Structures are given as structure tokens and as C-alpha cells.
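Some notes on the structure that comes next.
A note on names: the letters A, B, ... follow the listed sequences, proteins ahead of strands, and every chain is numbered from 1. Not measured: the values here are computed from a predicted model. What's counted below: heavy atoms across the whole structure, side chains too, no hydrogens, waters or symmetry copies.
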2 protein chains.
Amino acid sequence: MNARDEKEKMTVKNYKKYYIEIDCAIFNLQEDGLKVLVVKDIDDLGVTHWRLAHDWLKKDKTILETASGILKRCIGENSSYLEQVKAFGFTSSYSIKEDISIGYYALVRIISNDLEKHIAEGHTKWIGINETSCLNDKDTVILNYCIQEIRDSICKTAIGFNLLPEKFTLAQIIHLYKEILGIDIDKSNFRRKILATGLLSDLYEKEENVSHRAARFYKLSLQHQEILLNKELNFHF
Amino acid sequence: MNARDEKEKMTVKNYKKYYIEIDCAIFNLQEDGLKVLVVKDIDDLGVTHWRLAHDWLKKDKTILETASGILKRCIGENSSYLEQVKAFGFTSSYSIKEDISIGYYALVRIISNDLEKHIAEGHTKWIGINETSCLNDKDTVILNYCIQEIRDSICKTAIGFNLLPEKFTLAQIIHLYKEILGIDIDKSNFRRKILATGLLSDLYEKEENVSHRAARFYKLSLQHQEILLNKELNFHF
DNA sequence: TCAAAAGTGTTATGATTACACCCATGA
DNA sequence: TCATGGGTGTAATCATAACACTTTTGA
């Protein structure tokens with residue numbers, strides 16, 4: 001098929017144009033586990049639904065810009081990690097065509113005032129990644145795919161640190177891996193592994209006002225752009 | 001944003017409809033390395049271009065059906081492995097909008113008569129994965145992404161066997177891993193690893209008419225659907 | 001001085017690597 | 001009997017897991 005044929009075919013009725021949705025699973029690590037942001041959606045019948053953050057592709061905006069826009073709208077400007085997972089196709093009862101949605105996930109650490117306001121007003125909430133019964137099938141599929149991607153990635157790259165503050169203790173890293181992978185982690189062995197990567201810089205600072213031995217603070221010894229590319233990790237759980 | 005708002009917005013001009021292209025990198029393992037199928041495309045000026053196999057989404061066809069259709073059209077009916085990698089957005093000089101393409105890769109072993117005819121007629125050819133200068137930037141991006149996905153996947157799952165015949169020798173498996181990963185593999189150590197997985201059944205058959213010790217034939221001890229799900233491999237190269 | 005969590009050390013086990021070596025086959 | 005590649009064995013090294021132990025802190 002040559003370019004001319006292609007152009008002809010594009011004008012033929014059997015090729016279809018699509019609205020493309022971007023669905024973004026926005027994750028935040030909290031004391032009691034990994035959370036995902038859901039936004040309130042009230043349908044024509046007045047019934048409340050909770051959905052992943054989403055938008056549709058606009059003219060003059062790229063896929064990535066649209067995903068960034070969703071993230072910015074929900075949690076404000078910050079240095080979150082944003083990654084596409086794949087395109088999903090969902091058949092619906094409304095149309096013969098599949099609904100096309102491109103799935104993204106974001107790992108965020110900073111919670112903005114705007115977000116806190118939206119949560120206070122009930123427009124938005126964090127739900128545990130295992131308490132997703134409020135979501136529809138489509139969002140559940142996308143969410144679970146994102147979680148699996150994150151599980152794979154945090155064992156190979158340093159992206160998980162996007163869920164931690166700039167300075168953190170080893171216990172916080174262990175919490176991160178434990179909550180995301182859903183497994184128990186041996187403190188001693190994990191410490192050896194993570195320190196052996198050379199990924200961490202000791203800040204020679206300690207926790208204060210804790211009623212037990214104070215933990216050291218570390219920071220990532222990578223620049224932000226390096227975190228994305230870093231493939232130094234090789235954890236096998 | 002509720003469902004009513006969404007519907008209103010869908011009709012507003014700043015949301016855009018897209019033709020969605022599916023690009024499929026079809027791989028075949030040959031004596032001299034991993035090959036990808038490219039198809040000839042002659043533009044309005046009569047200039048020849050080589051492209052990955054592709055099509056656009058049609059009405060009444062899902063993304064997956066469209067990708068399967070591309071594969072069937074190129075190599076005929078068979079039990080190839082087909083997997084989506086992600087959605088790509090490419091800015092072009094023809095349009096303000098991004099061109100949206102969903103990338104797939106296929107691992108094929110059987111070459112059909114139709115394909116041989118197309119190759120003979122010059123409509124199609126196999127190129128080495130490191131000899132991609134004939135491809136445009138867009139196809140190069142998609143191809144390289146697919147190759148990286150395959151490299152990651154063959155160390156974790158049995159999908160690589162989709163590139164081998166139903167029965168194969170250990171040397172063929174080593175060839176597969178060597179060509180895809182681009183590294184040398186120690187025969188003895190690899191043999192131990194792959195046999196330890198329990199993935200292979202000894203067929204108690206041997207090569208014939210070879211001028212050296214005849215190699216044993218093995219087959220995968222998994223059913224086809226299990227291959228997709230199998231996460232037993234854990235190779236660290 | 002106690003509880004609690006940080007942090008260290010030790011040992012057994014298993015995986016990986018780098019080889020040397022033997023075996024079967026057709027020419 | 002030779003060249004070629006299939007197939008086996010082994011010892012050193014490295015990574016992992018399990019768990020006991022010591023240290024620091026506020027109460």
C-alpha cells in the first residue's frame with residue numbers, strides 16, 4: 001500500500017475517527033499504604049461515580065501535554081514522575097466502536113493546596129490500591145495494569161523515590177517497597193542491597209524527637225533526569 | 001467534572017477526533033540475526049519508502065483485531081505472539097495535531113507462501129534490527145521501543161520461543177538469546193539455567209545428517225496460553 | 001531501665017561465572 | 001583420525017536469606 005492509497009483509504013467510510021481519552025492513575029504513598037487519586041463524577045441520573053483522573057485529547061496538545069495537564073490540574077506544579085503504560089480499548093454499550101483510552105501513571109510526593117481543597121470539598125479522594133470497589137471495570141483494568149508496571153519498575157529503576165520526600169530514612173524506603181510490592185522485607189538485607197547500589201547519599205542528619213534511636217537521613221545521589229534513565233537496580237523479590 | 005459536562009465538552013471544538021494508526025513490528029529469527037518486516041510504500045513523488053506493517057483503526061474493529069489483521073495480511077494465519085507496547089504521538093509537518101500510533105510487536109516463526117510471494121515481488125522484505133537506515137524516524141522510534149520490550153520480556157517469560165520452531169535444539173535457544181540481547185552466552189551455564197526452569201521437554205530425538213555430534217530436540221512443556229502468562233524465567237544478563 | 005526501632009554482623013545456602021574436558025558424527 | 005559442535009563437570013566467586021545481636025533514643 002503506497003501513500004496515495006493510504007490517503008484514499010483515509011477518506012473512505014470504514015476508517016473511523018476517535019476521541020482519545022487519557023486516564024491517569026495518580027499515586028501517593030501514605031502511612032497506611034499506596035493510594036490512588038479518584039475524582040467524583042455525577043451522571044445524568046444524579047448517581048455518583050468515582051473515576052481515575054482523565055481528559056480527552058485536544059487540538060494543539062500532545063498526548064504527553066494532555067497527561068501533564070491532568071496531573072497539574074489535580075495536584076499542581078511539581079516534579080512528579082509521569083509515564084505512559086499503554087493504549088486500552090474498551091467496548092461499551094453506547095457505541096459500536098471501542099472507546100480508546102491511553103493509560104498513564106504518576107508518582108507524586110507533594111500535595112498542593114488546591115488538591116487539599118478539592119479533597120475537603122469532596123470532589124476528589126485518595127483510595128487504597130486494594131480498595132477499588134468504587135471504580136468501574138475500565139478504570140480497574142487501567143489501575144491494575146499501572147500497579148503491575150510500577151511493581152516491575154521499582155525493582156529495576158529508581159522511580160520509586162518519586163514517592164518519597166527529598167530526604168528520607170531507610171525505613172521509609174522499606175515502607176515504599178513493602179507497600180508497593182505487598183511483601184515483607186528484611187531490614188538488614190535490604191539495607192545492604194540498597195546501599196550497595198551507590199544510589200543514596202548520607203546527609204549526616206538524623207530524625208529528631210522520636211522515642212527510639214533516631215534514623216539517618218539520605219537523599220538520592222542522582223539528578224532528576226538521571227532517575228528516569230537509571231537502570232542500576234536489580235532487586236529480585 | 002461530571003458526565004454531563006463531559007458530553008458537552010465532547011461536542012466543543014477544542015476536543016479533536018483522530019485517525020488512529022496501528023504500527024506493527026513483525027520479528028523473525030534468522031541464521032544471521034533478528035529481522036523485522038518492512039513493507040514498500042511509494043509516495044506521490046514516486047519515491048520509495050520502507051515502513052513497518054501498519055493500518056488504521058476501522059469501525060467495528062478493535063485495536064487488537066486491527067493489529068491481528070495486519071499480522072494476518074502480512075504473514076498469514078498462524079500462532080504468532082502479538083503484544084501492544086504503547087501509544088506514540090508524533091508531530092508532523094502536515095498537521096497541527098499529533099499523529100497517534102499504537103505500537104505492536106509480533107514474534108513469528110512460520111513464513112507463509114503469501115509472504116514469500118510479496119518478498120519475491122519486492123513489496124516486502126526482512127531487514128536486520130541494526131540495519132534500519134531505510135526507516136523514517138517514527139518507525140525507528142517504535143521499532144527500538146519494541147526491541148527493548150522484547151529484550152526485557154525474554155528474560156522474564158517464555159515469549160522468545162515464539163520465534164523458534166515447535167521442536168528445537170539448545171543451540172537454537174542460545175542463538176535466540178544471543179541475537180536478541182546482543183551478548184555472548186556461555187553454552188554450559190545457559191544450558192543449566194534453562195533446563196532448571198522445567199520449561200523444556202526432551203523429545204528424545206536428535207538432529208540428522210550433521211557433520212558433528214547430533215543435538216537433542218526439545219519442545220516447550222507449556223501450552224500456548226501458558227506461555228503468555230509464564231513468569232518463571234529469571235535470567236539476569 | 002525499658003520499649004522500640006535503628007543499625008551491624010554472621011553463617012548457610014544457592015546462583016553465577018569461567019573454565020576444562022569428554023562425546024558423537026560425517027568427512 | 002580429524003574437525004566440529006554437542007554436552008558434562010567442577011571449583012571459585014558472588015548474591016541472598018535468615019536471624020541473632022548491638023546501639024540509640026525518649027519516656
Could you pick out which residue, Phe217(B) or Glu208(A), lies toward the 5' side of DNA chain D when each is mapped onto its nearest nucleotide? Phe217(B)
Salt bridge flag under 4.0 Å for residues Arg73(A) and Asp55(A): yes
Residue mapping more 5' on DNA chain C - nearest nucleotide basis, Ser211(A) or Arg191(A): Ser211(A)
Could you pull out all residues at least two apart from Glu121(B) that satisfy side chain to side chain contact (heavy atoms under 4.5 Å, CB included)? Lys117(B), His118(B), His123(B)
With the criterion being N/O to N/O and under 3.5 Å, what pairs connect the protein with nucleotides 17-23 of chain D, and how long is each?
{"unit_1": "dA17(D)", "atom_1": "N7", "unit_2": "Asn189(A)", "atom_2": "OD1", "d": "3.1"}
{"unit_1": "dA17(D)", "atom_1": "N7", "unit_2": "Asn189(A)", "atom_2": "ND2", "d": "3.2"}
{"unit_1": "dA18(D)", "atom_1": "N7", "unit_2": "Asn189(A)", "atom_2": "ND2", "d": "3.0"}
{"unit_1": "dA18(D)", "atom_1": "N6", "unit_2": "Asn189(A)", "atom_2": "OD1", "d": "3.1"}
{"unit_1": "dA18(D)", "atom_1": "N6", "unit_2": "Arg192(A)", "atom_2": "NH2", "d": "3.4"}
{"unit_1": "dC19(D)", "atom_1": "N4", "unit_2": "Ser188(A)", "atom_2": "OG", "d": "3.2"}
{"unit_1": "dT23(D)", "atom_1": "O2", "unit_2": "Arg213(A)", "atom_2": "NH1", "d": "2.9"}

Opening and closing nucleotides of DNA chain C in contact with chain A, under 4.0 Å to non-hydrogen atoms: dA4(C) to dT10(C)
Rounded interatomic separation in angstrom, taking NE2 from His212(B) and P from dT1(D): 22 Å
How many Å lie between NE2 on His175(B) and C1' on dG5(D), as a whole number? 15 Å
Residue set satisfying side-chain hydrogen bond (donor to acceptor under 3.5 Å, both in side chains) with Lys35(A), at least two apart, ordered chain then number -> Asp32(A)
d(CG, Leu195(A); P, dA15(D)) in whole Å: 15 Å
Separation of Asn209(A) atom CG from dA27(D) atom P, in whole Å? 8 Å
If you look only at pairs with a residue in residues 181-198 of chain B, which of them pass as a salt bridge (charged side-chain N to carboxylate O under 4.0 Å, His left out), with sequence neighbours excluded? Lys178(B)-Asp184(B)
Touch check for Arg216(B), heavy atoms < 4.0 angstrom, all strands: base, sugar-phosphate only, or nothing? sugar-phosphate
Mind checking what makes ring pair (Phe, Tyr, Trp, His ring centres under 6.0 Å) contact with Phe235(B), not counting sequence neighbours? Tyr177(B), Phe190(B), Phe237(B)
Considering only residues two or more places apart or on different chains, which pairs with a residue in residues 125-150 of chain A satisfy ring pair (Phe, Tyr, Trp, His ring centres under 6.0 Å)? Phe88(A)-Tyr145(A)
Taking only residues two or more places apart in sequence or in another chain, which ones pass side chain to side chain contact (heavy atoms under 4.5 Å, CB included) with Ser112(A)? Asp114(A), Leu115(A)
Qualifying salt bridge (charged side-chain N to carboxylate O under 4.0 Å, His left out) pairs, either residue in residues 194-207 of chain A, two or more places apart: Lys167(A)-Glu205(A), Asp202(A)-Arg216(A)
